[in-house]
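Notes to accompany the following structure.
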Amino acid sequence: MQYDNPQALLDHAQSFAGSTLGELCERYKEQVPQQLLHKKGWVGQFIEMILGATSGSLAQPDFPDIGVELKTLPIDEQGRPLESTYVSVVPLIDIQGLCWENSVVRHKLMHVLWVPIVASREIPIEKRQIAMPFLWQPSVEQEQTLKQDFEDILDHVSMGGIEQVDARLGEILQVRPKAANSKALTDAIGPDGSTIKTLPRGFYLRPQFTKHCLQQYFTETQV
DNA sequence: CCGTGATCATTT
DNA sequence: AAATGATCACGG
């Protein structure tokens, strides 16, 4: 499905507010998984499906025509994020000339449709409720911090220091493993420009940051 | 294996 | 409890 503008997508997404995953699954003839251990990406893929996202596993926003990235966000009953938010893989080789302005992470984060879902672990999956979806764009200050984080991380990577990068680096963006398991290795720049094998990494948004985005929205709208 | 969708499990 | 590191599934 294509949308003329972000507002049309937002309207569609907000029409699901208050529904449970069980209700939506019944409507769309899907089966609700009993647990997510072996279906970790199911919620995100299901919401993509009912909203008509088309990008699949391409490294670009979910709705390229309108430049909007879709992210489900698990929250507790108090509206606090339960997890970090994956954004994209961290490029580890061929990064000469790669800058914030033309990065995948920036293109995805320029405009995000957040779909919060009350998803505390004790709530059965079919009873988890869609909260109010909202559109978000980084402020000038937020983009500056994101850019700083991105450049700090890529500086380490380009200098052969990926092994020195851990989840503590970055104010908003952090770097964590992103792999099938610890045996899935990929090429990276090593000391003195050598090539080494290392765990694939991903950029993630810290929960404290997405918490701030939620608070900002719910303060503005007083919902 | 890569990049997408994330949550799980262990450590702090 | 929160943060960090590890893992699961799928299409290409």
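Order of the sequence lines sets the chain letters (A, B, ...), proteins ahead of strands, with each chain counted from 1.
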Look at all strands and tell whether [X] reaches a base, only sugar-phosphate, or nothing, counting heavy atoms closer than 4.0 Å.
X: Tyr204(A); result: base
X: Pro74(A); result: sugar-phosphate
X: Lys71(A); result: sugar-phosphate
X: Ser84(A); result: base
X: Arg121(A); result: base
X: Glu69(A); result: sugar-phosphate
X: Leu82(A); result: nothing
X: Lys108(A); result: sugar-phosphate

Within the side chain of [X], is there an N or O that forms a donor-acceptor pair under 3.5 Å with the backbone of [Y]?
X: Gln129(A); Y: Gly18(A); value: yes
X: Asp192(A); Y: Ser194(A); value: no
X: Gln174(A); Y: Ala167(A); value: yes
X: Tyr204(A); Y: Pro207(A); value: no
X: Ser55(A); Y: Pro61(A); value: yes

Kindly indicate whether the side chain of [X], heavy atoms from C-beta on, has any atom under 4.5 Å from the side chain of [Y].
X: Arg201(A); Y: Leu199(A); answer: yes
X: Asp152(A); Y: Gln148(A); answer: yes
X: Phe46(A); Y: Cys25(A); answer: yes

Whole angstrom value for the distance that separates [atom2] of [N] from [atom1] of [X]:
X: Leu73(A); N: dT7(B); atom1: CG; atom2: C1'; value: 13 Å
X: Leu92(A); N: dG3(B); atom1: CG; atom2: C1'; value: 13 Å
X: Asn181(A); N: dT7(B); atom1: CG; atom2: C1'; value: 16 Å
X: Ile75(A); N: dT7(B); atom1: CD1; atom2: C1'; value: 16 Å
X: Gln35(A); N: dA9(B); atom1: CD; atom2: C1'; value: 14 Å

Tell me which of Leu70(A) and Asp187(A) sits closer to the 5' end of DNA chain B, going by the nucleotide each one is nearest to.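 It is Asp187(A), whose closest nucleotide lies nearer the 5' terminus.
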
Taking everything shown except [X] itself, do over 12 heavy atoms lie less than 6.0 Å from its [atom1]?
X: Gln60(A); atom1: CD; result: yes
X: Asn181(A); atom1: CG; result: yes
X: Gln216(A); atom1: CD; result: yes
X: Met159(A); atom1: CE; result: no

Going by salt bridge (Lys or Arg N to Asp or Glu O under 4.0 Å), name the pairs with one or both residues in residues 100-119 of chain A, residues two or more places apart or in two chains.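 Qualifying pairs, neighbours excluded: Glu101(A)-Lys147(A), Arg106(A)-Glu143(A).
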
Can you tell me which residue pairs pass the salt bridge (Lys or Arg N to Asp or Glu O under 4.0 Å) test with a partner in residues 29-45 of chain A, sequence neighbours excluded?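 Sorted pair list comes back empty.
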
I want to check one thing: is the phosphate of dA6(B), taken as OP1 and OP2, less than 4.0 Å away from some side-chain N or O of Thr72(A)?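 Checking Thr72(A) against dA6(B): at least one side-chain N or O falls below 4.0 Å of OP1 or OP2.
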
DNA chain C contacts among residues 171-179 of chain A, heavy-atom distance under 4.0 Å: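 Heavy-atom cutoff 4.0 Å gives Gln174(A), Arg176(A), Pro177(A), Lys178(A), Ala179(A).
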
Near DNA chain C, under 4.0 Å by heavy atom, which residues of residues 37-64 of chain A?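 When residues 37-64 of chain A is checked for heavy atoms under 4.0 Å from DNA chain C, the hits, listed by number, are Leu37(A), His38(A), Lys40(A), Ser57(A).
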
Along DNA chain C (nearest heavy atom to each residue), the more 5'-positioned of Leu199(A) and Pro207(A):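 First, find each residue's nearest nucleotide; the 5'-ward one identifies Pro207(A).
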
Divergence of helical axes at both termini of the helix from dC1(B)-dG12(C) to dT12(B)-dA1(C) - five pairs an end, 10° steps: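 The value is 30°.
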
Side chain of Thr186(A): nearest nucleotide among dC2(B), dT7(B), dG3(B)?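 So the side chain of Thr186(A) is nearest to dC2(B).
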
Would you say the ring centers of Phe209(A) and Trp136(A) fall short of 6.0 Å from each other?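 Yes, the ring of Phe209(A) comes within the 6.0 Å limit of the ring of Trp136(A), centre to centre.
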
Taking 5' to 3' order, which nucleotide of DNA chain C is first and which is last to have an atom within less than 4.0 Å of a heavy atom in chain A?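 Nucleotide range in contact with chain A: dT4(C) to dG11(C).
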
